[in-house]
Amino acid sequence: MSGRILVVGAGAIGGVTAAHLTRAGHEVVVLDADPEHVALLNEPGLLFDEFGSCSRVLIRAVESAERLTGRFDYALVTLKSLHLKAALTPLVEGDLVETYVSLGNGLVQDAVEEIVGPGRLVTGIVEWGATNLGPGHLRQTTRAPFVVGEADGSSSRRVSRLAEILADAAPGTRASPQISGQVWSKLLLNSTFSGLGAVGGGLYADVAADPVGREAAFRLWTEGYDVATALGVRLDEIFGIHPSQLVVRSAGDVPAATAALATVMSGAAATKASMLQDLERGALTEVDVINGGVVATARRLGRSAPLNAEIVTLVHAYEQGVGAPGPGAFARLAALGAGRPVSPIPKEHTHG
Ligand SMILES: NC(=O)C1=CN([C@@H]2O[C@H](COP(=O)(O)OP(=O)(O)OC[C@H]3O[C@@H](n4cnc5c(N)ncnc54)[C@H](OP(=O)(O)O)[C@@H]3O)[C@@H](O)[C@H]2O)C=CC1
Ligand SMILES: CC(C)(CO)C(=O)C(=O)O
C-alpha cells in the first residue's frame with residue numbers, strides 16, 4: 001500500500017513527518033541541504049522531541065539528489081518557499097518522482113507546478129506545528145492533521161492513498177475536494193497570526209492577549225477574507241472555526257470574533273511563527289508568499305490589501321536589520337486599518 005516516499009527538506013515539518021512515517025514502517029528517504037543534519041539523521045538518528053518526550057529515530061537521509069536511487073511515488077515538499085526551485089529542479093531533471101506534494105505555507109502552488117510540470121502536483125496544507133532546534137534535533141509542538149487534494153477538486157487514487165500514508169504521521173489527515181479553500185484558510189491564519197507574530201516578536205498567544213494585537217488581527221483577517229471572497233474561493237474550516245467567524249466589520253462583531261479567536265488559540269497559542277524564527281536567526285522569510293500572496297492576489301483583482309502590504313514592508317526591513325520586531329507594530333497596523341494617520345516608514349526601512 002505504502003509506496004516509496006521522498007521528503008524534500010527535512011527541517012521542522014519534513015523531519016518530523018519522516019520520523020513518524022519511518023517509525024510506522026514506510027519506506028522513506030529524506031533529501032536535505034544541511035550536511036550536518038543529514039549525517040545526524042543517519043547516525044545516531046534524529047533527536048525527536050514529541051511534546052517533551054524525547055527519542056531517537058534513525059532516518060535514511062542524503063544531501064544531494066545524485067545520491068538518490070530508484071524512483072519515488074511521492075515527494076513531500078516541505079521546504080521554505082525560497083528553496084523550492086533549487087531543490088526540485090534536479091529531481092525533475094532526473095525524473096525521480098511520480099507525484100510531488102506541496103506542503104509549504106503561502107501561495108506557492110503555481111510556482112511549484114511550473115517547476116514540476118502539469119499533472120504532477122498534489123496540493124496540501126499542514127495544520128500542526130514543529131520547531132527546528134538545530135542539526136539533528138526537532139520538536140513537534142502541536143498536533144493536527146494534514147489536508148491534501150487535487151487542485152481541481154477531483155478525487156483520485158493518488159490523493160486517497162497519500163491521505164492514508166500521511167495519517168500515519170498526523171492522525172485525522174483527510175483528502176479534501178476543496179483544497180484551494182483550505183490553502184486560503186491557512187493563508188489567512190499565517191498572514192494574520194504569523195504576520196503579526198513576526199512583526200510583534202511574539203507567539204500567536206501574545207498577539208491574542210494584547211488588545212491592540214487583537215484589533216490588528218481582526219483587521220488583517222478581514223482584509224484577507226475579503227480578497228479570498230473576491231477571488232471566489234470557498235473558504236474551509238481551519239483550527240475549529242469557519243473563517244467568517246473572525247471577520248469584524250463593526251463593534252458588534254467583536255464578541256463573536258473574540259470567542260472564535262479563543263477557539264483558534266486553544267490549538268495554536270504556543271506557535272512561534274516560522275517567519276519570526278527566521279528573523280531571529282538572520283534568515284530571509286517567506287513573507288512574499290504569505291502576506292505578499294494576499295497583496296499580489298488583491299492587485300490582480302484590482303483591489304488593495306494595505307495591512308498585508310505593511311507587514312511585507314516591515315518584515316523586509318527587519319530582514320535587512322533595519323528596526324526590530326516588537327509589539328509597537330500592532331498599534332501601527334491597527335491605526336492603519338482604522339484609517340488613522342501613521343508616520344511613514346523611513347526610506348531605508350523599505351525593501352528594494
Ligand atoms: N514549522 C511549522 O510549524 C510549520 C511550517 N510550515 C511550512 O512548511 C515549510 C517548511 O517549514 P519548516 O519545516 O519549518 O522549515 P525548516 O527550515 O525547518 O526546514 C526546511 C529544510 O529544508 C532544507 N533545505 C533548504 N534548501 C534545500 C534544498 N535545496 N534541498 C533540500 N533541502 C533544503 C533546510 O536546510 P537549511 O536549514 O540548511 O536551509 C531545512 O532543513 C514552510 O513553508 C513553512 O512555512 C507549515 C506548517 C507549520
Ligand atoms: C500555524 C502553523 C504552526 C501550522 O499549524 C504554521 O503554519 C506555522 O507556524 O507556520
Side-chain angles (χ1 to χ4, degrees), residues 6-19 29-38 40-41 46 59 61-68 75-91 101-109 111-112 115 124-147 170 182-183 185-198 203-205 207 238-240 264-265 267-278 280-291 293:
L6 177 66
V7 175
V8 190
I13 295 301
V16 166
T17 303
V29 180
V30 312
L31 169 64
D32 192 275
D34 179 348
E36 194 186 347
H37 186 55
V38 165
L40 289 167
L41 296 186
L46 172 70
I59 297 173
V62 299
E63 64 186 78
S64 128
E66 287 155 25
R67 308 277 313 274
L68 295 168
L76 307 181
V77 182
T78 47
L79 294 158
K80 298 246 165 89
S81 55
L82 301 155
H83 304 299
L84 288 166
K85 195 158 177 73
L88 298 182
T89 302
L91 301 175
V101 185
S102 162
L103 291 169
N105 280 329
L107 290 190
V108 292
Q109 300 71 24
V112 175
I115 300 166
I125 61 152
V126 183
E127 285 197 6
W128 52 275
T131 304
N132 192 335
L133 297 171
H137 192 186
L138 303 171
R139 174 182 296 147
Q140 184 167 0
T141 50
T142 56
R143 278 188 237 271
F146 294 93
V147 188
Q182 287 285 340
V183 166
S185 296
K186 184 78 200 291
L187 186 66
L188 293 186
L189 186 90
N190 289 129
S191 57
T192 299
F193 296 104
S194 300
L196 288 172
L203 303 180
Y204 280 23
V207 176
I238 186 119
F239 277 82
V264 172
M265 288 303 144
T271 303
K272 183 189 263 197
S274 58
M275 289 199 286
L276 178 58
Q277 295 178 46
D278 287 336
E280 288 175 345
R281 60 191 176 92
L284 296 177
T285 71
E286 300 179 288
V287 74
D288 285 333
V289 296
I290 297 179
N291 300 89

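Since this is a predicted model, take the numbers as computed values, not measurements. Both counts, for ligands and for their atoms, begin at 1 and track the order of listing.
- Between the H137 side chain and the N132 main chain, no donor and acceptor come within less than 3.5 Å of each other.
- Under a 4.0 Å criterion applied to the non-hydrogen atoms of E127, ligand 2 contributes the atoms 4 (C), 5 (O).
- Counting atoms of ligand 2 from 1 in the listed order, those under 4.0 Å from a heavy atom of Y204 are 1 (C).
- S81 does not count as a contact of ligand 1, since none of its heavy atoms falls under 4.0 Å from the ligand.
- With atom 35 (O) of ligand 1 as the reference point, the heavy atom nearest to it among V7, T131, D32 is part of D32.
- Contacts with ligand 2 closer than 4.0 Å are made by no heavy atom of F193, backbone or side chain.
- Selection from I13, T17, V62 by nearest heavy atom to atom 8 (O) of ligand 1 gives I13.
- For ligand 2, the atoms lying closer than 4.0 Å to a non-hydrogen atom of N105 are 6 (C), 7 (O), 8 (C), 10 (O).
- Below 4.0 Å from some heavy atom of G129 lie the following atoms of ligand 2, by number and element: 3 (C).
- Counting heavy atoms under 4.0 Å from ligand 1, residue E286 touches it through the side chain alone.
- Contact between K186 and ligand 1 is present, with at least one heavy atom of the residue lying under 4.0 Å from the ligand.
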Stepwise side-chain contact (heavy atoms from CB on, under 4.5 Å) test for S102 and V108: CA-CA 8 Å; S102 162; V108 292; 3.9 Å; yes
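- If you number the atoms of ligand 2 from 1 as listed, the ones under 4.0 Å from a heavy atom of V126 come out as 4 (C).
- For atom 9 (O) of ligand 2, the nearest protein heavy atom (residue, atom name, distance) is T271 CG2, 3.4 Å.
- The contact set between ligand 2 and L189, taken as ligand atoms under 4.0 Å from a residue heavy atom, comprises 1 (C).
- Checking side-chain atoms of T141 against main-chain N and O of G129 turns up a donor-acceptor pair under 3.5 Å.
- Contacts between M275 and ligand 1 below 4.0 angstrom, taking non-hydrogen atoms only, are absent altogether.
- Looking only at distances, a side-chain donor or acceptor of T285 sits under 3.5 Å from a matching main-chain atom of V287.
- Considering V289, T89, V8, L79 in turn, L79 is the only one that fulfils the side-chain contact (heavy atoms from CB on, under 4.5 Å) rule with L84.
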Working for side-chain contact (heavy atoms from CB on, under 4.5 Å), residues V264 and Y204: CA-CA 10 Å; V264 172; Y204 280 23; 5.7 Å; no
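- Taking atom 7 (C) of ligand 1 as the reference point, the nearest protein heavy-atom neighbour is N105 ND2, 3.5 Å.
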Pair V29-V7, side-chain contact (heavy atoms from CB on, under 4.5 Å): steps then yes or no: CA-CA 6 Å; V29 180; V7 175; over 6 Å; no
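- With a heavy-atom cut-off of 4.0 Å, A12 touches ligand 1 through backbone and side chain alike.
- Distance check for atom 43 (O) of ligand 1: a protein heavy atom is found below 4.0 Å.
- Of the candidates T89, L82, L79, it is L79 that places a heavy atom closest to atom 9 (C) of ligand 1.
- Side chain of N291 to backbone of S191: a donor-acceptor contact under 3.5 angstrom is found.
- Looking at M275, R143, K272, K186, it is K186 that brings a heavy atom closest to atom 7 (O) of ligand 2.
- Checked against a 3.5 angstrom limit, the closest N/O atoms of N132 and ligand 1 fall inside it.
- Considering backbone and side-chain atoms together, N190 places an N or O closer than 3.5 Å to an N or O of ligand 2.
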